[in-house]
Amino acid sequence: MRFLNKKHKLSQDSMEEGVGLITLTDPTSVIAEQFRTIRTNIQFSSIDEKIRSVVFTSSGPSQGKSTVSANVAVTWADQGLDVLLVDADMRRPTIHQTFQVPNKKGLTALLTNQEVDLNQVIQKTPVDHLFVLPCGVVPPNPSELLNTRKMDVLIKELTKHFDLVIFDAPPVISVTDAQILASKVDGTIMVVPQGIADKSSVLKSKELLEVVHARLLGAIMNRVKSENNGGYYGGYYGGYYGGYYGKNE
Ligand SMILES: Nc1ncnc2c1ncn2[C@@H]1O[C@H](COP(=O)(O)OP(=O)(O)O)[C@@H](O)[C@H]1O
Ligand SMILES: [Mg+2]
C-alpha cells in the first residue's frame, strides 16, 4: 500500500502497485475526512431505500475510480458495517495489489463455470469489516460475463452477506461493463477528476448511464487543487452532491 502519488499526470501504475489507501495510512488527514464526508453523502442520498450495492465509474481510464472506491470502502467499514469491495474492472484490475491478496481466483471464477464458493474467493483485509473480492484471471469477454443471470444471482447473494457491496468498474465510455453493472446495482457514482475529465465526456457518460436506467447518486470531484481544500463543490449536474478529495501536496 502506498500514499497517493504526487504527480499530477495520470499514472498507469495502479495495476502494478495498487492505489493509495490514505484512509488507512493517515486516517486523521484532511483527505481521509473528505472520504468520510463522501460516505455520509452517499448514505444520505437515499433516505427511503437503503443502498446495498453501488458502482464507481468515470468517463475515462485512470481517473481515480479504484482510489476513491477503495478509500470510501475503508471509511464505510470503519463504521462497523460489513463491506465487500469487488474488483469488477476486469480490464485493469487493481484491488488484489492494493490489498495484497491472492488473485488466482476471484469474480471471474464465480461467473464462469468453475467450482468455487464465496469463502474461497472473498479475502480479509487489514481493515476490520472490510473484505475484498479480487478480479481473478482476466477474461477475454468481461461484458459478456457481467451481462448474465449468474451475475444477478451473485449480486443478490453478496448483498445478503454484506451490508454494502461496492463495485470498482471500468470507465463508461469505450466499454459497456459499467453500464451493465449500473443497471444491476442500487446506485452509481461517477468520479470526475478536475481539469482532466472533459465536460462532453462526462455528459456523454451521464447519458449512457441514463439509457440503462442507472440510479445516479452523485459525482465525486477528484484531484481538486489543494488551495480549494476545505470548501465544497455544488452538484456537477442535476441532483449531484460534490464530495471530493484533493491532491496531497
Ligand atoms: N486525488 C489523487 N491525487 C493523487 N493521485 C491520485 C489521485 N487519484 C488517483 N490518483 C492516482 O492516479 C492513478 C490512477 O488512479 P486509479 O484510482 O487507479 O484510477 P482508475 O481506477 O480510474 O483507473 C493511481 O496511480 C492513483 O494513485
Ligand atoms: Mg481502477
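We count ligands from 1, going down the list as the structure has it; atoms in each ligand are counted the same way.
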- Enumerate the atoms of ligand 1 whose separation from the nearest heavy atom of Val19 is less than 4.0 angstrom. 17 (O), 18 (O)

- Verify the distance test for Thr67 against the Mg ion (ligand 2): any N/O/S atom under 2.8 Å, yes or no. no

- From the candidates Thr67, Val68, Asn222, Leu21, the one that places a heavy atom nearest atom 17 (O) of ligand 1: Thr67

- Short question: side chain of Arg36, backbone of Pro27 - any donor-acceptor pair under 3.5 Å? yes

- Query: Does Asp89 come within less than 4.0 Å of Lys65, counting only side-chain N to carboxylate O?
  - Reply: no

- Got an N/O contact under 3.5 Å between Ser58 and ligand 1? no

- Message: Phe56 and side chain to side chain contact (heavy atoms under 4.5 Å, CB included): which single residue from Val68, Leu85, Leu181, Thr188 fits?
- Response: Val68

- Gln63 neighbourhood, listing ligand 1 atoms whose heavy-atom distance to it stays under 4.0 Å: 19 (O), 20 (P), 22 (O)

- Backbone N or O of Leu130 within a donor-acceptor pair of the Thr125 side chain at under 3.5 Å? yes

- The atoms of ligand 1 lying under 4.0 Å from a heavy atom of Arg92, numbered in the order shown, are 23 (O)

- Message: Assess whether a salt bridge exists between Arg215 and Asp186, defined as any Lys/Arg side-chain N lying under 4.0 Å from an Asp/Glu carboxylate O.
- Response: no

- Same cluster for Leu209 and Leu146 if Ile/Leu/Val/Met/Phe/Trp/Tyr side chains link at under 4.5 Å? no

- Item | Heteroatom distance test (Pro61, ligand 1): nitrogen or oxygen, under 3.5 angstrom | no

- Query: What do you reckon, does Asp168 have a nitrogen or oxygen under 3.5 Å from a nitrogen or oxygen of ligand 1?
  - Reply: no

